[in-house]
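Accompanying notes for the structure given below.
The model shown is predicted, which means the values in this text are computed figures rather than measured ones. Below, chain A is the first sequence line, B the second, and so on; all start at residue 1.
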2 protein chains.
Amino acid sequence: MARQGSVSAKPTPSLRIGEVARRTGLPVKTIRYYCDEGLLQPRARSESGYRLFDEENLAELTIIRSLRAMDVSIPELARILEVRRAGVCNCSVLKDSIAAKMESINLRIAELAAMKEELARLLGSWQDCGGLKPDR
Amino acid sequence: MARQGSVSAKPTPSLRIGEVARRTGLPVKTIRYYCDEGLLQPRARSESGYRLFDEENLAELTIIRSLRAMDVSIPELARILEVRRAGVCNCSVLKDSIAAKMESINLRIAELAAMKEELARLLGSWQDCGGLKPDR
DNA sequence: AAGAACCCTCTACCGGGTGGAAGCTTTCCC
DNA sequence: GGGAAAGCTTCCACCCGGTAGAGGGTTCTT
C-alpha cells in the first residue's frame with residue numbers, strides 16, 4: 001500500500017467543509033449552521049474565506065452528532081462544548097445534563113407506551129363500526 | 001336526576017371560540033390555527049364574522065387533541081377528519097394510520113432505549129476523567 | 001353610554017435545520 | 001494556459017405546529 005502522500009503529517013490538516021461533511025456524515029449546510037450557532041469554531045479561514053477545520057473540530061462534531069441524536073438542544077450543546085473547550089473537566093456539567101436527558105427519555109418512553117396502549121384501545125373500539133357502513 | 005336545564009335542546013348551540021377553548025382545554029389561538037389549516041370547519045360565521053362552532057366541532061377537536069398528542073401530523077389528521085366528515089366508515093383509513101403510528105412508536109421506543117444505553121455508557125466512560133483535571 | 005371582555009385578521013417569531021440563488025475559488029483535464 | 005466543473009461563500013426563504021402581539025371591530029355588563 002502506498003503511503004498517503006507526504007513524508008511527515010502536517011500538524012494543521014486544514015480540512016475544508018466538504019471533507020468534514022464526508023468524514024462526519026453530516027450535511028455541509030448543517031455544519032455551517034452549527035458554526036453560525038456558535039457550536040463549532042473553525043480553526044481558521046483561508047485567504048479566500050473558506051472555513052478551515054482541524055481534528056479537534058471533528059471530535060467536537062462527533063460529540064455534537066451523538067448528543068443531538070439524543071435530543072440535547074443546541075444551546076445546551078453550546079454550553080457543554082464551551083466548558084469542554086475551556087479545558088476544565090466538564091464531568092459535572094455533562095453528568096448533570098446527561099442525567100436530565102435520561103430522565104426525560106424515561107418520561108418520553110412512558111408517554112409513548114401510554115400512547116401505544118391508547119392506540120390499541122382505539123383500534124379495538126373502532127373495530128365494531130365495521131358492520132355499520134362499510135365503505136366498500 | 002334533574003334534566004339538563006331547558007325544555008328542548010337547541011339544535012344549533014353556536015358556541016363561540018372562547019367557549020370551545022374553555023370546553024376543550026385548547027388555546028383559542030390553536031383552535032383558530034386548526035381552522036386555518038382546514039382541520040376544523042366552524043359550522044358558520046356570525047354576521048360580525050365570529051366563528052360559530054357546534055357539538056360536532058367539539059367532537060372533532062377531541063379527536064384532534066388525542067391524535068395530536070400521539071404525534072399524528074396535521075395533514076394526516078386533515079385526511080382522517082375529511083373521511084370522517086364524508087360520513088363513510090373510515091375504519092380502514094384510521095386503522096392504517098394508527099397501525100403506522102404504532103409502528104413508528106415502537107421504533108421510537110427502541111431508539112430511545114438505545115439512547116439510554118448510550119448515555120449510560122457515556123456516563124460511565126466519563127467517570128474516569130474525574131482525576132484528570134477536577135474543576136474544583 | 002362607557003368599559004370590559006371577546007373576537008377578528010395580519011405579521012412575525014421559535015428550533016433545527018434545508019433548499020436555492022448568485023457569485024467567488026480551486027481543481028481537473030486537455 | 002484556459003475553460004469547465006466542483007467546491008465554497010453569503011443571504012434569503014421555507015418547513016412544522018403553534019404562539020405572541022398589534023390594531024381594530026363586536027358583544028356583554030353595569
Side-chain angles (χ1 to χ4, degrees), chain A residues 5 13-54 57 60-61 63-81 97 101 104 108 111 115, chain B residues 13-54 57 60-61 63-81 101 104 108 111 115:
Chain A
S14 284
L15 307 161
R16 287 189 312 190
I17 201 166
E19 177 69 11
V20 173
R22 225 176 36 70
R23 288 214 206 171
T24 59
L26 288 167
V28 167
K29 290 241 171 188
T30 301
I31 297 170
R32 256 185 229 125
Y33 172 72
Y34 289 158
C35 292
D36 290 350
E37 294 303 301
L39 280 194
L40 197 62
Q41 280 137 356
R43 193 184 46 72
R45 291 275 182 146
S46 77
E47 287 195 16
S48 53
Y50 288 14
R51 289 171 185 84
L52 299 177
F53 300 89
D54 56 14
N57 289 137
E60 288 178 339
L61 271 176
I63 292 174
I64 291 170
R65 206 160 71 106
S66 325
L67 296 191
R68 273 301 302 137
M70 296 169 210
D71 277 334
V72 175
S73 75
I74 302 276
E76 183 145 8
L77 261 174
R79 276 190 290 126
I80 290 171
L81 290 173
S97 128
K101 194 49 60 187
S104 79
R108 186 74 186 133
E111 280 174 12
M115 276 185 205
Chain B
S14 286
L15 308 161
R16 286 188 314 189
I17 201 165
E19 178 69 11
V20 173
R22 225 176 37 70
R23 288 215 206 171
T24 60
L26 288 167
V28 167
K29 291 236 170 190
T30 301
I31 297 169
R32 258 187 226 123
Y33 173 72
Y34 288 158
C35 292
D36 291 350
E37 294 303 302
L39 279 194
L40 197 62
Q41 279 137 358
R43 193 184 47 71
R45 289 275 183 147
S46 78
E47 286 195 14
S48 53
Y50 288 13
R51 290 171 186 83
L52 299 176
F53 300 89
D54 57 13
N57 289 137
E60 287 178 340
L61 272 177
I63 292 174
I64 291 169
R65 208 160 72 104
S66 324
L67 296 191
R68 273 301 301 138
M70 295 169 208
D71 277 334
V72 175
S73 74
I74 302 275
E76 183 146 6
L77 261 174
R79 276 189 290 125
I80 289 171
L81 290 174
K101 194 50 60 185
S104 78
R108 186 72 187 136
E111 279 173 13
M115 276 185 204

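Put simply, CG on A:Leu39 is 12 Å from P on C:dG15, counting in whole angstrom units. Distance A:Ile31 CD1 to C:dG17 P: 12 Å, rounded to the nearest Å. We find that CG of B:Leu52 is positioned 10 Å from P of D:dT27, with the value rounded to whole Å. When rounded to the nearest whole Å, the span between CG of A:Leu77 and C1' of C:dG15 equals 13 Å. Rounded to an integer number of Å, the gap from B:Tyr33 OH to C:dC8 P is 17 Å. When rounded to the nearest whole Å, the span between CG of A:Leu40 and P of C:dG17 equals 13 Å. Computed from coordinates, the A:Ile64 CD1 to C:dG16 C1' distance equals 13 Å when rounded to whole Å. Distance, B:Glu37 CD to D:dC15 P: 10 Å, rounded to whole Å.
Here the side chains of B:Leu61 and B:Phe53 are not in contact, with every heavy-atom distance at 4.5 Å or above. For the pair A:Arg23/A:Leu15, a side-chain contact is recorded, criterion being any heavy-atom separation below 4.5 Å from C-beta on.
Between B:Arg65 and B:Thr24, the side chains place no donor N or O within less than 3.5 Å of an acceptor N or O (distance only, hydrogens not considered).
Between the side chain of A:Lys29 and the base of C:dG16 there is no donor-acceptor pair of N/O atoms closer than 3.5 Å. You won't find any donor-acceptor pair under 3.5 Å spanning the side chain of A:Tyr34 and the base of C:dG17, going by distance alone.
Nucleic acid contact for A:Arg45: sugar-phosphate only, since backbone atoms but no base atoms lie under 4.0 Å from a heavy atom of the residue. In this structure, A:Arg32 reaches the bases: a heavy-atom distance under 4.0 Å links it to at least one base atom across the strands shown. No engagement by A:Ser46 is indicated, since no non-hydrogen atom pair under 4.0 Å with the nucleic acid exists.
Here C:dC7 is the nucleotide among C:dT26, C:dC7, D:dG17 with the atom lying nearest to any side-chain atom of B:Arg16. Comparing D:dT27, D:dG17, C:dC7 against the side chain of B:Ser48 picks out D:dT27 as the nearest. Of all nucleotides listed (C:dG16, D:dG25, D:dT9), D:dG25 comes nearest to the side chain of B:Tyr50.
Comparing A:Asp36 and B:Asp71, the nucleotide of DNA chain D nearest to each residue sits closer to the 5' end for A:Asp36. Nearer the 5' end of DNA chain C, as judged by each residue's closest nucleotide, is the contact made by A:Thr30, out of A:Thr30 and A:Glu47.
Atoms CD1 and CG, from B:Ile63 and B:Leu40 in turn, are 11.0 Å apart once rounded to the nearest 0.5 Å.
Side-chain nitrogen and oxygen atoms of A:Arg51 include none within less than 4.0 Å of the OP1 or OP2 phosphate oxygen of D:dC8.
Under the side-chain contact (heavy atoms from CB on, under 4.5 Å) rule, B:Arg51 has a single partner from B:Arg16, B:Gln41, B:Arg32, which is B:Arg32.
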